[in-house]
Amino acid sequence: MWLYASCTFKFDISDFTPFLFMLRPQNNLNQFIAFEEFLIKPNVEISQFQDIYGNFYQKLIAPPGKLKIQSSVKVMVKDNCNNAYGKEFIEIHNLPHEVLLYLLPSRYCESDCFNQMATEITQGLPLGYEQVLAITNWIRNNINFESNNCDTQVSAIEINNRKYGVCRDFAHLAIALCRSISIPSRIVVGYLYELVPMDLHAWFEVYIGNAWYRFDATQIEEKTGYIVVAYGRDAADVAVYNQYGATLFPSSQKIKVKKIKE
């Protein structure tokens, strides 16, 4: 499937403000980027680097006034790249070294507090895929999706207590539950074709069967059309922008994803 995706942010800047943006998708086994464009007004100096997860950062200092950032991409995504059915749990000593950090508790995923809950949800199930599917279904059935409650980042414990959240929160709770039973799990941020309401999206991946596989507790049915922008331990690693100084929010934000011809 060929997709076009774009993300536009506008800010009103009152003083010189350092920014880190993370809006450029990366090529991987499941997506091929054929065209990419990154535009900024006014024209300011930008430097770029990659973090330990392979994500692309754009660093700049915005002058006072109007700031507009637009990232767009034409990408081919595989339609059948996520068949995790039957994939087995990987023993800790057989995990690749770079996967081990996704077993640890992190800022928004307190996995050391969820072992009993995860054990109850997955009791009697085969290790691996069946456990992750049970966790995904439990969250889907017990946590309410409320798109108007996304301003404050909260942790997996808080989400489990209040029983509502947005896609990022669903991912945090799933990650904490999976890690608590020794299944490596990470958050992913990007785009999803035909997402309602349209916005940037978050889901999670687990390492089973010697590969990473996608799960999304916000979607009732398995979908295609996911475009990955960034990976991380939790939302602290995958914020699409960070500014330093006085807190700023976009004056406007527009996300577009559409299907296109090859």
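- If you check the side chains of Glu158 and Ser155, you find a donor sitting under 3.5 Å from an acceptor.
- When all heavy atoms are compared, the tightest approach of Val166 to Glu146 is CG1-O, 3.2 Å.
- In terms of heavy-atom proximity, Tyr213 sits nearest to Ala211 at CD1-O, 3.5 Å.
- Closest of all the heavy-atom pairs between Pro250 and Phe9 is CG-CD2, 3.7 Å.
- Gln116 CD: 12 or fewer foreign heavy atoms inside a 6.0 Å radius.
- Residue pairs satisfying the ring pair (Phe, Tyr, Trp, His ring centres under 6.0 Å) criterion with at least one member in residues 102-129, sequence neighbours excluded, are listed as follows: Tyr85-Tyr129, Tyr102-Trp212, Tyr108-His172.
- Phe56 and Phe21 sit in two unconnected hydrophobic clusters of ILVMFWY residues. Membership requires side-chain heavy atoms under 4.5 Å apart, directly or through other members.
- Taking CD1 of Ile121 as the reference point, atom OG of Ser180 lies at 8.5 Å (rounded to 0.5 Å).
- Residues Leu67 and Thr17 form no side-chain contact, since every pair of their non-hydrogen atoms from C-beta on lies 4.5 Å or further apart.
- Here the straight-line distance linking atom OG of Ser47 with atom CD of Gln58 works out to 9.5 Å at 0.5 Å rounding.
- Between Pro25 and Val228 the shortest heavy-atom distance is CB-O, 3.3 Å.
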Start with the C-alpha distance between Gln153 and Arg107, add both sets of side-chain angles, then the distance that settles side-chain hydrogen bond (donor to acceptor under 3.5 Å, both in side chains), and finish with yes or no.
CA-CA 11 Å; Gln153 298 219 38; Arg107 178 177 177 180; over 6 Å; no

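- One hydrophobic cluster holds both Phe49 and Ile40 under the rule that ILVMFWY side chains link at heavy-atom gaps under 4.5 Å.
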Are Phe19 and Phe11 close enough, and set up right, to give a ring-ring contact (aromatic ring centres under 6.0 Å, His included), and what steps lead you there?
CA-CA 11 Å; Phe19 273 91; Phe11 296 87; 5.1 Å; yes

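- Note that the CG atom of Leu195 and the NZ atom of Lys223 stand 6.5 Å from one another [nearest 0.5 Å].
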Before giving the answer on side-chain hydrogen bond (donor to acceptor under 3.5 Å, both in side chains), spell out for Arg186 and Tyr207 the whole-Å C-alpha distance, their side-chain angles and the decisive distance to 0.1 Å.
CA-CA 9 Å; Arg186 64 186 181 184; Tyr207 195 86; over 6 Å; no

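- Looking at Leu192 and Tyr226, their side chains come closer than 4.5 Å, going by heavy atoms from C-beta outward.
- Salt-bridge formation is not detected for the pair Arg179/Asp234: no Lys NZ or Arg NE/NH1/NH2 atom is positioned less than 4.0 Å from an Asp or Glu carboxylate oxygen.
- The two atoms that bring Ile46 and Phe38 nearest to each other are CD1-CE2, 3.7 Å, heavy atoms only.
- Crowding of Asn43 atom CG: a count of heavy atoms from other residues, nucleotides or ligands under 6.0 Å not exceeding 12.
- With His201 as the partner, the side chain to side chain contact (heavy atoms under 4.5 Å, CB included) test is satisfied by one option alone out of Thr218, Val257, Val189, Val188: Thr218.
- Atom CD of Glu222 is surrounded by more than 12 heavy atoms from other residues, nucleotides or ligands within 6.0 Å.
- At a threshold of 4.5 Å between side-chain heavy atoms, the hydrophobic network of Ile, Leu, Val, Met, Phe, Trp and Tyr places Tyr57 and Leu39 in two separate groups.
- The distance from atom CZ of Arg233 to atom CG of Leu104, rounded to the nearest 0.5 Å, is 8.5 Å.
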